[in-house]
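Structure, as structure tokens:
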Amino acid sequence: MQQADKEWKSIELLQTTTAFFEEKQVSEARLSAELLLCHVLKANRLQLYLQHSRPVYPDELDAYRALCRKRLQGWPVQYLTGEQYFYGRVFKVDPRVLIPRPETELVVEHAIERLRGCGGEGSQLSILDIGTGSGCIAVTAALQLPGARITAIDCSAEALDVARENARSYGVETRIRFLQADMLAPEFLEDDEAAYDLIIANPPYIPDSEWDDLQAEVREHEPRVALTTASGLECYRAVAARAPSLLCQSGILCFELHAEGAGAVSVLMKENGFGDILLHKDYGGYDRILSAIRGGL
Ligand SMILES: C[S@@+](CC[C@H](N)C(=O)[O-])C[C@H]1O[C@@H](n2cnc3c(N)ncnc32)[C@H](O)[C@@H]1O
């Protein structure tokens, strides 16, 4: 005879799942268990703790167990819940796009600060986001800079579909032009000369030689096109060469970098006539953000 399922309270289920994930060495065991349970119970993390004795109903339990099984197989939590927070806002994500990372929030923050420093914040800004993926940078820029018009490009049509959805969900789709384009192709964007005040890019920067060292969770689930190129520098070289004709005089180019990429990318910047190069560190102390001015000293 089949035994009836135990009746679970939410906190109890969370604790049991966390212990099980820890035993199985799931990364971020507690957070994973929490976020998946929040997703199933349609609650935020605070509500989860405030309503700790809430019963978990059989259909919720089935859904939670199915997600936990996938987490045990190595699926990133964000692809299971379908969302990731970026700059304090929720973005839809799925395996068509890279999961936005906290370092990238710093890139956006720095780019906006640098625009302000150049007196560009209030005017009708024109911004190009290269390799938009989920659209997290483009949509955030549109929301933080209400006067701005943005072009967002990606080689992946699937990623652009996700980015468009994110733009629609924040009501900024009319201010963002999404285009499929290959940044490695010469003259990759047939736009007016000197059209942009800011170009911002988080391109794939992991060299193929580092692929095997990445977490299995990343290698097996996130799109490789978003992560690697042969040497890790190809996209920087292409964008640095194209950017001077796309940027207005004193326009800003802002890149996210590989943790060890600052030296090589700074050289590329200088070779292409950029100056006033600034480097900023990520939370781990690596030079991760570079900005430079077209024609700067
Ligand atoms: C590191 S992800 C960045 C995604 C998003 N901007 C973010 O910060 O989370 C790089 C993006 O560049 C796109 N990409 C890769 N190679 C490209 C190419 N040659 N031309 C245009 N986009 C490319 C990928 O599809 C991916 O969406």
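As a basis for the values below, the full set of heavy atoms in this structure was taken, side chains included, without hydrogen atoms, waters or symmetry mates. Sequential numbering from 1 along the given sequence is applied to the chain's residues. All ligand and atom numbering here is 1-based and tracks the order in the structure.
- Side chains of Leu106 and Tyr283 form a contact here, defined as non-hydrogen atoms less than 4.5 Å apart.
- With a 4.5 Å cut-off on side-chain heavy atoms, Asp287 and His280 do not count as touching.
- In the model, Gln78 has no side-chain atom that pairs as donor or acceptor with a side-chain atom of Thr81 under 3.5 Å.
- Polar contact with ligand 1: absent for Ser156 (N/O pair, distance under 3.5 Å).
- Heavy-atom proximity to atom 7 (C) of ligand 1, evaluated over Ala157, Cys155, Cys136, Gly131, is greatest for Cys136.
- Heavy atoms of Thr104 found under 4.0 angstrom from ligand 1 belong exclusively to the side chain.
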Inset, instruction - Give the intermediate values and the outcome of side chain to side chain donor-acceptor pair (under 3.5 Å) for residues Arg71 and Ser27. - result: CA-CA 10 Å; Arg71 182 70 189 125; Ser27 70; 3.2 Å; yes
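- What sits closest to atom 25 (O) of ligand 1 on the protein, heavy atoms only, is Asp154 OD1, 2.6 Å.
- The aromatic ring centroids of Phe91 and Tyr170 lie less than 6.0 Å from each other.
- Comparing Ile137, Val107, Asp182 against atom 19 (N) of ligand 1, the shortest heavy-atom distance belongs to Asp182.
- No more than 12 heavy atoms of other residues, nucleotides or ligands sit less than 6.0 Å from atom CD of Glu7.
- Here the shortest heavy-atom distance to atom 10 (C) of ligand 1, taken over Thr228, Leu160, Asn202, belongs to Asn202.
- Neither the backbone nor the side chain of Pro223 has any atom closer than 4.0 Å to an atom of ligand 1 (non-hydrogen atoms only).
- In this structure, Glu12 places its CD atom where more than 12 heavy-atom neighbours from other residues, nucleotides or ligands lie under 6.0 Å away.
- Nearest to atom 1 (C) of ligand 1 among the protein's heavy atoms is Ala226 O, 3.0 Å.
- Taking any N or O of Pro204, backbone or side chain, none lies under 3.5 Å from an N or O belonging to ligand 1.
- Heavy atoms of Thr132 found under 4.0 angstrom from ligand 1 belong exclusively to the backbone.
- Between Trp75 and His221, the angle of the ring planes lies from 30° to 60°, which puts this pair in the tilted group.
- Not a single heavy atom of Ser134 sits less than 4.0 Å from an atom of ligand 1.
- For atom 15 (C) of ligand 1, the closest non-hydrogen atom on the protein side is Val225 O, 3.1 Å.
- Among protein heavy atoms, atom 20 (N) of ligand 1 sits closest to Met183 N, 2.8 Å.
- By the 4.0 Å heavy-atom criterion, Ala181 is counted among the residues contacting ligand 1.
- Defined by atom type and a distance below 3.5 Å, a donor-acceptor pair is present between the side-chain atoms of Tyr49 and Glu34.
- Neither the backbone nor the side chain of Ala159 has any atom closer than 4.0 Å to an atom of ligand 1 (non-hydrogen atoms only).
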Legend entry - salt bridge (Lys or Arg N to Asp or Glu O under 4.0 Å) assessment of Arg294 paired with Asp276: CA-CA 9 Å; Arg294 180 194 149 190; Asp276 292 342; over 6 Å; no
